[in-house]
There are 4 protein chains.
Amino acid sequence: MATKCPGKTREKLVNAAMELFASKGFDKTTVDEIVAKAGVAKGTFYLYFKSKEDLIKELAFEVMPIMAMPSLNDPYITVSFPTLESYLLQLGKEFLDFYSQDYRAEIFFHMLSVRERLKNIDEIYSQSCSELLREGARRITAYVKVGFEDALIAFQMFLASLMHYLHARECLGFSGEHYLRKVVQAVINHLKFSTSV
Amino acid sequence: MATKCPGKTREKLVNAAMELFASKGFDKTTVDEIVAKAGVAKGTFYLYFKSKEDLIKELAFEVMPIMAMPSLNDPYITVSFPTLESYLLQLGKEFLDFYSQDYRAEIFFHMLSVRERLKNIDEIYSQSCSELLREGARRITAYVKVGFEDALIAFQMFLASLMHYLHARECLGFSGEHYLRKVVQAVINHLKFSTSV
Amino acid sequence: MATKCPGKTREKLVNAAMELFASKGFDKTTVDEIVAKAGVAKGTFYLYFKSKEDLIKELAFEVMPIMAMPSLNDPYITVSFPTLESYLLQLGKEFLDFYSQDYRAEIFFHMLSVRERLKNIDEIYSQSCSELLREGARRITAYVKVGFEDALIAFQMFLASLMHYLHARECLGFSGEHYLRKVVQAVINHLKFSTSV
Amino acid sequence: MATKCPGKTREKLVNAAMELFASKGFDKTTVDEIVAKAGVAKGTFYLYFKSKEDLIKELAFEVMPIMAMPSLNDPYITVSFPTLESYLLQLGKEFLDFYSQDYRAEIFFHMLSVRERLKNIDEIYSQSCSELLREGARRITAYVKVGFEDALIAFQMFLASLMHYLHARECLGFSGEHYLRKVVQAVINHLKFSTSV
DNA sequence: AATGAATGAGGATTCATTCAT
DNA sequence: TATGAATGAATCCTCATTCAT
């Protein structure tokens with residue numbers, strides 16, 4: 001009954017919850033299940049979280065799309081990725097890899113659906129989404145001569161397509177990589193047009 | 001206490017549920033609330049639906065994206081819309097109008113998030129999504145000389161962008177119409193490239 | 001499982017709760033115990049009461065001192081009880097009889113102690129206590145020529161003594177009847193003095 | 001984190017508990033709250049008290065009516081207070097002053113209501129109440145020529161009236177002093193009668 | 001003496017579903 | 001068809017107490 005690894009209890013709870021939320025949804029996952037999976041007692045949960053909903057906030061940030069694209073914040077990126085194409089491929093790969101851990105996609109869609117009810121989550125999402133889009137657009141303008149608005153639309157379409165793929169995979173029949181290449185190509189094509197015009 | 005308009009009970013229940021699901025989510029909406037809003041007795045609910053989940057299936061189909069684009073199935077459409085651009089603008093307008101009734105978008109995202117758990121819904125979604133994408137691609141090929149796969153990607157990006165707009169609206173700051181024009185333009189640009197190559 | 005006596009469920013719950021609250025106190029009595037004693041299912045409790053505290057309000061009024069003295073509101077009382085002494089003896093007897101059902105006294109003292117926390121109960125008590133004192137004083141003035149304030153004090157002392165007896169019984173060693181006679185005599189004595197002056 | 005003033009921990013706990021019990025009642029006050037208010041750790045509580053109930057006993061005695069009337073045990077009192085009237089006024093003043101610290105009255109009523117359940121408290125109360133009444137009666141007989149039983153009744157009525165005032169204050173509308181004078185007068189009046197007869 | 005993380009039995013409340021009328 | 005009282009399993013959360021440090 002003693003603590004095997006001190007200080008890890010919170011982490012154990014978060015991980016257990018993550019997996020359960022992914023497979024069953026927030027509302028259907030019980031605190032009982034979380035603590036059972038984490039291997040701690042019921043009361044322990046409430047030492048670390050005020051309530052079940054409190055835990056949700058903890059998870060919300062971790063599955064946001066902005067967390068899925070670390071290269072978006074790497075300042076030396078233009079060096080490693082000389083072309084926009086290679087850069088977008090990198091971002092796309094990161095995104096698909098990140099969400100290939102099923103529970104992340106599940107939780108993220110859950111976020112979207114409960115946004116209305118949970119103000120905290122709504123704020124986290126709105127803010128991180130804005131940041132993501134703006135940063136993405138800024139990066140594009142570093143590669144190609146295009147207006148910010150066009151870059152924004154381009155990046156949003158890129159992001160939207162990746163996101164849509166997460167739940168339309170089986171309807172499309174393409175592999176992630178193939179799909180990604182096609183989408184990047186489409187974005188590039190479109191941008192070429194915007195710049196040449 | 002007698003039914004004023006016989007035969008409308010089921011409809012009243014469906015409408016009540018729709019609104020409640022949209023604002024509170026499936027799991028948080030109780031049968032009590034549904035019957036209260038519908039103005040019928042508790043037991044009556046079970047005359048029309050085997051269970052709460054049974055009702056969900058009823059609603060699932062109604063908020064699917066395929067229902068949002070009636071023009072996709074209109075056989076005479078190429079007449080009214082001579083160009084791909086005008087056609088996509090029409091589809092996009094229909095889509096945004098359809099989901100401008102907030103509860104539809106809410107319920108749809110809810111669908112996505114519970115798909116894993118509710119096999120029925122998963123099937124409905126997969127099937128209708130496939131149909132939608134394929135029909136959209138087919139239509140594109142009627143306008144421009146492009147391979148089916150490219151048309152599929154193009155249409156999926158179009159659809160994905162519209163869908164993403166539903167929850168990224170406030171992060172973008174564009175009006176629906178402006179955004180739509182930009183997205184259609186991007187798709188067209190890309191397709192021009194694909195065909196010319 | 002069928003209802004033996006329709007419409008009595010609420011009453012059964014109230015009675016069961018009354019007895020349990022008396023012997024264990026509000027906080028220590030569980031809803032489980034109440035429904036077990038009432039012979040209904042757990043959920044049934046919440047059909048009739050919003051919460052456990054809601055039930056308390058129901059009981060609060062029933063154990064108030066004003067309920068213990070029905071003769072206080074009988075308009076023909078001066079006929080049956082020609083002297084103040086006989087009238088006070090009657091009121092006192094009613095009071096002691098009422099609270100001889102132990103649970104009433106227990107619940108009443110509980111009320112006093114939770115008054116601060118439960119605004120509803122505080123209001124019920126304050127109002128019913130005012131009414132009781134004022135009516136008692138009015139009755140006294142019908143028997144003897146005395147100012148209202150003196151009558152009020154006299155009646156309050158009478159009431160206070162009876163109430164104190166409920167928890168000081170074993171410290172005094174008198175029987176209820178003997179005690180009552182003494183108290184009534186004291187009140188009468190005092191009033192005689194007030195009037196003669 | 002070290003104790004600034006060693007040996008004061010127990011006292012800090014008692015004081016914290018006193019305030020909390022007064023405002024929330026025993027059952028609703030948690031050990032968590034007590035230690036938080038006292039500024040010590042959870043485990044420390046159990047160094048000083050076997051259990052929460054153990055602490056209650058500690059407090060019970062401190063709020064008993066007998067503690068409210070120190071002059072009752074002063075052997076030189078007949079010197080300072082030559083008349084019964086002046087003596088009762090003194091006792092009454094002490095009583096009202098003592099319980100004017102609200103939490104004492106609150107806790108005392110709480111005691112009364114949990115007496116049934118907590119044998120320890122019941123014993124403390126019974127004993128201290130007996131002592132109080134007997135001592136009060138004895139004092140009265142030192143002033144006036146009256147039988148012990150009559151003195152007992154008189155003192156009990158005096159005490160009961162004061163106690164009743166603690167929760168009927170707002171129903172009466174008198175100031176404490178005015179009320180006290182009236183009650184003392186009534187007791188004196190009654191005793192005059194008893195002796196003259 | 002002091003700490004505070006961990007415990008787990010216990011209690012309030014919810015809600016989908018049934019069924020006698 | 002329609003009703004709504006009754007059900008009870010399921011779930012969230014509390015809190016007194018322990019114990020290794």
Side-chain angles (χ1 to χ4, degrees), chain A residues 1-4 6-10 27-35 38-55, chain B residues 1-3 6-7 9-10 27-36 39-55, chain C residues 1-3 6-10 27-35 38-55, chain D residues 1-3 6-10 27-36 39-55:
Chain A
M1 304 311 170
T3 319
K4 279 101 187 180
K8 298 293 184 217
T9 304
R10 185 193 186 86
D27 299 321
K28 283 278 163 59
T29 299
T30 70
V31 174
D32 267 10
E33 289 168 320
I34 296 171
V35 295
V40 301
K42 193 92 136 283
T44 305
F45 181 91
Y46 293 92
L47 269 183
Y48 294 95
F49 306 98
K50 264 210 320 291
S51 66
K52 209 174 87 175
E53 218 170 78
D54 192 49
L55 167 59
Chain B
M1 303 312 170
T3 321
T9 305
R10 185 193 186 85
D27 298 322
K28 284 276 163 61
T29 299
T30 69
V31 174
D32 264 317
E33 290 168 319
I34 297 172
V35 296
V40 301
K42 194 90 150 280
T44 306
F45 181 91
Y46 291 89
L47 282 179
Y48 293 96
F49 306 98
K50 255 206 340 284
S51 66
K52 204 175 99 176
E53 214 168 85
D54 193 50
L55 165 60
Chain C
M1 304 313 171
T3 319
K8 299 291 185 219
T9 304
R10 185 193 186 86
D27 300 322
K28 284 278 162 59
T29 299
T30 70
V31 174
D32 267 9
E33 290 168 319
I34 296 172
V35 295
V40 301
K42 193 93 136 281
T44 305
F45 181 91
Y46 292 91
L47 270 184
Y48 294 95
F49 305 99
K50 263 208 323 288
S51 66
K52 208 174 88 175
E53 218 170 77
D54 192 51
L55 166 59
Chain D
M1 302 311 170
T3 320
K8 298 293 186 211
T9 305
R10 184 191 187 87
D27 299 322
K28 284 276 163 61
T29 300
T30 69
V31 174
D32 264 318
E33 291 168 318
I34 296 171
V35 295
V40 301
K42 194 91 149 283
T44 305
F45 181 92
Y46 291 90
L47 282 180
Y48 294 96
F49 304 99
K50 256 206 340 284
S51 66
K52 204 174 98 176
E53 213 169 86
D54 193 50
L55 166 61

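Remember, predicted model here, so these are calculated numbers, not experimental data. A note on names: the letters A, B, ... follow the listed sequences, proteins ahead of strands, and every chain is numbered from 1.
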Item to check | For DNA chain F, the dot-bracket pattern of Watson-Crick and G-U pairs whose distances stay under 3.5 Å, | for other-strand partners | outcome: .||||||||||||||||||||
Next on the checklist: Taking only side-chain N and O atoms of Thr9(A), does any of them lie within less than 4.0 angstrom of OP1 or OP2 on dA6(E)?
Outcome noted: yes
Next on the checklist: A side-chain contact here means heavy atoms from C-beta on lying under 4.5 Å apart; do Val31(D) and Leu55(D) qualify?
Outcome noted: no
Checklist entry - Is the closest side-chain heavy-atom distance between Phe45(D) and Ile34(D) below 4.5 Å? => result yes
Item to check | Euclidean distance, atom OH of residue Tyr48(C) to atom P of dG4(F) [Å, nearest integer] | outcome: 13 Å
Checklist entry - With nearest nucleotides of DNA chain E determined for Phe45(B) and Ala41(D) from heavy-atom distances, which residue corresponds to the more 5′ nucleotide? => result Ala41(D)
Next on the checklist: Rounded to whole Å, how long is the line connecting atom CG of Leu55(A) with atom P of dC13(F)?
Outcome noted: 11 Å
Checklist outcome for this item: Between Val40(B) and Val40(C), whichever has its closest DNA chain F nucleotide further toward 5' is Val40(B)
Item to check | For atom CZ of Arg10(A) and atom P of dA6(E), their distance in whole Å | outcome: 12 Å
Checklist entry - Is the closest side-chain heavy-atom distance between Leu47(B) and Thr9(B) below 4.5 Å? => result no
Give every pair of a protein N or O atom and an N or O atom of nucleotides 14-16 of chain F that lie under 3.5 Å apart, one pair per line with the distance.
{"unit_1": "dA16(F)", "atom_1": "OP1", "unit_2": "Lys52(D)", "atom_2": "NZ", "d": "3.0"}
{"unit_1": "dA16(F)", "atom_1": "OP2", "unit_2": "Val31(D)", "atom_2": "N", "d": "2.6"}

Checklist outcome for this item: Between CG of Leu47(B) and P of dT3(F) the distance, given in whole Å, is 9 Å
Checklist entry - Expressed in angstrom and rounded to an integer, what is the separation of Asp54(B) atom CG from dT17(E) atom C1'? => result 13 Å
Checklist entry - Lys28(D) and Glu33(D): which non-hydrogen atoms are nearest, and at how many Å? => result O-OE1, 3.7 Å
Next on the checklist: Taking salt bridge (charged side-chain N to carboxylate O under 4.0 Å, His left out) as the cut-off, I'd like each qualifying pair that reaches into residues 40-54 of chain A, sequence neighbours left out, listed once.
Outcome noted: Asp32(A)-Lys42(A), Asp54(A)-Lys57(A)
Checklist entry - Under the side chain to side chain contact (heavy atoms under 4.5 Å, CB included) criterion, do Thr44(B) and Val35(B) qualify, and how do the steps go? => result CA-CA 8 Å; Thr44(B) 306; Val35(B) 296; 6.0 Å; no
Checklist entry - Within this structure, what is the CZ-to-C1' distance between Phe49(D) and dA1(E), rounded to whole angstrom? => result 15 Å
